[in-house]
Amino acid sequence: MEIAKTYNSALAERTWYQYWLDNKFFKSTPDHRTPYTIVIPPPNVTGVLHMGHMLNNTIQDVLIRRARMLGFNACWVPGTDHASIATEAKVVAHLKENGIQKSDLSREDFLKHAWDWKEKYGGIILEQLKKLGASCDWDRTRFTMEKDLSEAVIDVFIDLYNKGHIYRGVRMVNWDPEGLTAVSDEEVIHKEAQSKLVYVKYQIEGTNDFITIATTRPETIMGDTAVCVNPADERYTHLKGKNVIVPVVNRVVPVIFDDYVDKDFGTGTLKVTPAHDINDFNLGQRHKLQTIDVLTQDGKISEAAGAYVGMDRFACRKQIIKDLEEKGLVSKIEEIKNKVGYSERTNAVIEPRLSMQWFLKMETVSKPALENVLNGEIKLIPDKFINTYKHWMENVHDWCISRQLWWGQRIPAWYDNQGNTVICKTKEEAITLLKSKNPEVNINVVKQDEDVLDTWFSSWLWPITVFDPDVIRKGKENANDDLKYYYPTNDLVTAPEILFFWVARMAIAGYEWMGEKPFTNVYLTGIVRDKLGRKMSKSLGNSPDPLDLIEKYGADGVRVGMLLCSPAGNDLMFDESYCEQGRNFANKVWNAFRLIKGFEVASVAQNGVEVLQTEAQKAAISWFDNKLSEQLEIINDHYSKYRMSDALMATYKLVWDDFCAWYLEAIKPEFIDGKAQPIDSATFNITISYLESLLKIMHPWMPFITEEIWHLLKERDAKDCIIVAEWPKTKTNLDKKKLAEFEVSKELVAMVRNVRAQKQLSPKEKLEVIERSNATRSYFDNTIIKLANLSAFSYTKEKVEGAFSFQIKTTEFYIPLAINLNKEEEIERLTKELEYNKGFLKSVQIKLSNEKFVANAKPEVIAVERKKESDALSKIKSIEEQLSVLN
RNA sequence: GGGAGAUUAGCUCAGCUGGUUCAGAGCAUCUGCCUUACAAGCAGAGGGUCACAGGUUCGAACCCUGUAUCUCCCA
């Protein structure tokens with residue numbers, strides 16, 4: 001059979017993914033085994049795969065595949081999030097393109113469009129995940145807005161309301177004037193902006209004096225209902241009891257005194273606009289000020305302003321500055337840097353706005369979620385996030401859970417025409433409940449709240465409702481078998497950006513309704529950035545399309561590339577060259593397979609002469625046997641600490657360096673007369689088994705190529721797939737001495753190769769090496785002969801003159817060379833080495849002659865220093881001998 | 001403004017309780033090789049004042065104090 005020289009990823013990926021699906025290897029149902037569960041962070045239903053997803057899901061897939069091989073009942077639950085604001089924004093934009101305004105549609109019609117949109121684009125991202133190799137149990141795919149899950153959300157709202165945790169009130173919210181909805185604190189992104197700090201003069205009533213107020217928001221002047229100064233500020237004590245006149249609208253407002261004002265910022269005076277700033281709102285509450293809302297919900301100047309009505313807020317800002325300047329009321333304008341909040345979804349500048357919203361009181365419900373992270377019941381990886389988490393949870397604000405949108409779960413609050421409110425599931429129930437308050441009530445006057453719930457108010461239930469959406473109603477004692485078996489899940493892999501949005505809230509929900517954590521480990525990935533450190537984004541155009549990368553480098557190559565550069569919790573500077581490295585690795589593995597597959601196995605029956613295992617092969621096998629086990633132990637340890645890139649790098653080196661560069665080179669049969677010699681069956685079989693072990697270890701990272709080779713290696717039963725193969729075991733009795741001994745042998749081989757390079761000798765030319773020692777042979781001699789291409793490797797007790805010499809540790813080696821050594825060059829080389837060793841010896845001796853060191857240092861440390869000293873001394877002696885011969 | 005973290009080779013990062021596993025890895029670079037598994041490769045080599053300044057210690061990349069720069073979170 002002809003095997004291609006390079007690995008063809010596309011074909012293998014198609015074949016094996018389908019094969020895994022057909023054989024239901026991803027499927028999980030409760031059984032006697034221990035479960036290992038991951039729920040996917042549900043991507044937006046209409047989203048497309050980006051690099052962040054790639055990273056996230058590759059890590060999850062690595063974890064789930066390894067768990068499967070370790071014998072756990074591995075279950076990875078996929079699904080999508082309805083993402084109310086993001087999806088609604090997309091639908092609105094789409095309708096707009098077709099000349100339809102959302103405002104022209106009824107709620108029902110709009111939702112029809114939205115569902116159509118979801119049907120059309122929903123789940124594309126899940127198909128993309130399959131290309132990556134994600135081994136999710138697709139039969140379990142969930143969507144946060146499917147009927148059952150939505151019902152659970154309503155159950156939760158009612159439950160929390162009944163427990164007294166939910167209230168409705170007028171509060172200052174983060175208003176998105178483009179999305180026309182309130183958004184939570186977490187959905188506001190604060191960015192540094194260059195702003196104008198305008199110094200505006202307000203006349204003091206009944207005088208010709210002015211006080212100057214610094215503001216970045218002059219367009220809200222019409223909403224000013226006071227001017228505030230710090231009571232400790234002596235510059236303004238004379239204003240006690242005075243009023244000032246607000247420019248533009250000529251409103252007379254009081255001067256109030258409050259500690260809140262920073263004396264050193266601007267002029268130390270503050271215009272108070274309770275409708276448009278949270279701090280001003282608080283001041284307004286304290287000082288019983290009037291609240292004048294001068295902006296409309298879409299960010300224009302409102303009727304209430306009495307001036308500039310209908311003008312956009314930013315246009316008005318410019319205009320008002322101009323007008324005030326003309327009136328001579330601007331004393332100066334400063335450029336300052338401040339933070340401006342932007343909507344995460346629409347990127348509109350957030351407007352603090354007073355509105356009636358629903359809130360969840362966080363104080364009580366969030367307690368267990370904090371405690372159990374602090375006590376280690378839930379682990380954050382890396383743990384540096386615990387501090388951040390703690391800080392947030394201790395200062396948690398009530399959660400604004402209502403959104404002025406249609407796409408989402410509608411709030412189950414019902415109102416009559418007399419100001420009564422009830423919370424329940426259906427209109428019928430509502431009428432019954434309202435009857436007790438208002439006997440006149442009838443179906444025509446009962447109206448449901450127009451708002452829907454925040455998306456996170458449904459996704460915080462994800463680890464529960466994907467298994468049993470009815471559990472909220474039934475109570476946890478009556479959970480179904482799935483939930484009982486899979487909950488709590490094991491690992492959650494997500495981005496630190498949503499630690500509070502999602503992770504903290506899932507923890508809250510877990511304790512609230514299951515009385516138990518939703519997951520044990522939270523692995524926080526970094527943000528994928530480009531190599532300049534910029535966040536990858538569509539607008540910057542710096543994000544490669546993951547599917548293009550997969551096409552170019554293969555899914556395995558991309559997976560390896562992603563994880564090579566992803567330390568836990570740190571952002572990763574992604575560069576395509578990592579994928580190239582991943583692809584090259586896959587190709588290396590492919591070629592190792594080609595080599596092994598190409599071996600001709602000796603058969604006694606065929607040629608009558610038994611081919612025996614050589615000493616070189618025997619030694620190499622015994623070394624690799626230990627090496628494999630040693631490295632597997634290290635890899636397992638990295639996994640246990642969630643050090644993914646370390647685990648991958650250890651795997652990479654085990655395969656490339658230890659297996660390919662050393663082991664295969666050592667056991668590879670020689671060519672005689674241009675013909676490859678056959679290999680004995682013992683060496684062949686064990687080599688196959690090593691390759692199988694390595695394929696297993698590589699499988700979580702590179703599922704496709706490993707499955708492909710697994711099957712090309714042997715005829716196998718239909719179900720004998722690497723995806724369900726058993727993870728290799730480590731030896732209990734590692735031969736550390738042999739491992740150490742081979743390290744020295746490697747050094748010797750490298751030295752010989754180095755000599756060849758230096759003396760420009762062909763690798764084909766056989767050399768002789770003589771070791772100066774009392775020994776007569778050692779274990780790896782024949783392996784060394786093979787690897788370094790030696791004609792002989794012998795021992796002598798005497799110094800060999802006229803040969804090239806070098807040292808490893810304290811042992812001297814000689815290579816007799818046919819060509820003459822350049823005497824000057826040798827002297828120079830040896831002199832340099834001598835200098836170095838003398839310097840080294842000196843530093844060690846200084847240390848040893850230091851009484852305090854000898855008195856204080858641990859005995860082991862001192863012993864080590866003494867060994868260094870004696871080694872250096874013998875090395876110096878030997879170099880000096882060599883030099884004396886040359887001279 | 002408050003908090004958290006970082007700064008080690010050209011790049012991305014390891015480096016645990018201070019001491020031979022201590023200055024390391026991968027990539028990149030340079031030199032030589034198309035050596036019948038692999039040029040997506042092989043062999044070899046070079047490259048760091050561990051951000052800066054002090055301090056503690058017999059001994060500091062590691063502990064302490066400042067300084068600088070960067071990143072993130074919160075207001």
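So you know, we letter chains A, B, ... as the sequences are listed, proteins then strands, and number each from 1.
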Student: Looking at every strand, decide which applies to A/K653 at a 4.0 Å heavy-atom threshold: base, sugar-phosphate, or nothing.
Tutor: sugar-phosphate

Student: Let's see if you can work this out: which of B/rU35, B/rC38, B/rC73 has an atom nearest to the side-chain heavy atoms of A/P763?
Tutor: B/rU35

Student: Please tell me if A/W656 has a side-chain N or O lying less than 4.0 Å from either OP1 or OP2 of B/rC42.
Tutor: yes

Student: Given the rule in the ring pair (Phe, Tyr, Trp, His ring centres under 6.0 Å) test, do A/F659 and A/Y690 qualify, once you have shown the distances and angles that lead to the verdict?
Tutor: CA-CA 9 Å; A/F659 186 66; A/Y690 288 151; 7.2 Å; no

Student: May I ask you to check if A/R753 and A/W662 form a cation-pi contact, with NZ or CZ under 6.0 angstrom from the six-membered ring centre and within 45° of the axis?
Tutor: yes

Student: Is any NZ, NE, NH1 or NH2 atom of the basic residue among A/K875 and A/D871 found under 4.0 Å from an Asp or Glu carboxylate oxygen of the other?
Tutor: no

Student: Taking A/K552 first and then A/E580, would you say they form a salt bridge - that is, a charged N and a carboxylate O separated by under 4.0 Å?
Tutor: no

Student: Distance check, P atoms only: B/rU29 and B/rA75, in whole angstrom units.
Tutor: 46 Å

Student: Using centres under 5.5 Å plus planes under 30 degrees as the test, is A/F671 stacked with B/rU36?
Tutor: yes

Student: Please work out if A/A855 contacts a base, only the sugar-phosphate, or nothing of the nucleic acid, heavy-atom cut-off 4.0 Å.
Tutor: nothing

Student: Any strand is fair game: report the nucleotide pairing with B/rG26 by Watson-Crick or G-U wobble, both distances under 3.5 Å, or none.
Tutor: B/rC11

Student: Would you say the base of B/rA37 and the side-chain of A/E665 have a donor-acceptor pair closer than 3.5 Å?
Tutor: yes

Student: Which nucleotide in the set B/rC58, B/rA45, B/rA40 lies at the smallest distance from any side-chain heavy atom of A/K852?
Tutor: B/rC58

Student: Can you work out whether A/K847 or A/N279 has the more 5'-proximal nearest nucleotide on RNA chain B?
Tutor: A/K847

Student: Do the side chains of A/E741 and A/K738 get close enough for a salt bridge, i.e. N-O under 4.0 angstrom?
Tutor: no

Student: Can you check the distance between B/rG15 and B/rA9, where both ends of the measurement are the C1' atom (answer in whole Å)?
Tutor: 14 Å

Student: Base, sugar-phosphate, or nothing for A/Y652, non-hydrogen atoms under 4.0 angstrom?
Tutor: sugar-phosphate

Student: Classify the nucleic acid contact of A/N856 as base, sugar-phosphate or nothing, counting any heavy atom under 4.0 Å across all strands shown.
Tutor: base

Student: So what's B/rA61 paired with, Watson-Crick or G-U wobble, going by both distances under 3.5 Å?
Tutor: none

Student: Between A/K653 and A/D658, is the closest basic N to carboxylate O distance under 4.0 Å?
Tutor: no

Student: Base, sugar-phosphate, or nothing for A/N850, non-hydrogen atoms under 4.0 angstrom?
Tutor: sugar-phosphate

Student: Can you tell me if A/N584 touches the phosphate of B/rG41, counting only side-chain N or O atoms and a distance under 4.0 Å to OP1 or OP2?
Tutor: yes

Student: State the pairing partner of B/rC33; accept Watson-Crick or G-U wobble contacts with both distances under 3.5 Å, and report none otherwise.
Tutor: B/rG41

Student: Calculate the interatomic distance between A/Y690 atom OH and B/rA37 atom P; express it in whole Å.
Tutor: 21 Å

Student: If only side-chain N and O atoms of A/R753 are considered, is one of them under 4.0 Å from the OP1 or OP2 phosphate oxygen of B/rU31?
Tutor: no

Student: Which residue, A/A676 or A/A750, contacts RNA chain B at a nucleotide closer to its 5' end, judged by nearest heavy atom?
Tutor: A/A676

Student: Mind checking A/K868 for me? I need base, sugar-phosphate or nothing, with any heavy atom below 4.0 Å counting as a touch.
Tutor: base

Student: Taking B/rC42 as the reference, what is the distance to B/rU36 when you measure between their C1' atoms (whole Å, please)?
Tutor: 14 Å

Student: Select base, sugar-phosphate, or nothing to describe what A/S577 touches, counting heavy atoms under 4.0 Å on all strands.
Tutor: nothing

Student: For B/rC38, does the base pair up with any side-chain atom of A/K588 as donor and acceptor (N or O, under 3.5 Å, distance only)?
Tutor: yes

Student: Phosphate oxygens OP1/OP2 of B/rA39: is one of them under 4.0 Å from a side-chain N or O of A/K5?
Tutor: yes

Student: Hunt down the Watson-Crick or G-U wobble partner of B/rU71, both distances under 3.5 Å, from any strand shown, or write none.
Tutor: B/rA4

Student: Would you say A/N591 reaches B/rG41's phosphate, i.e. side-chain N/O to OP1/OP2 under 4.0 Å?
Tutor: no

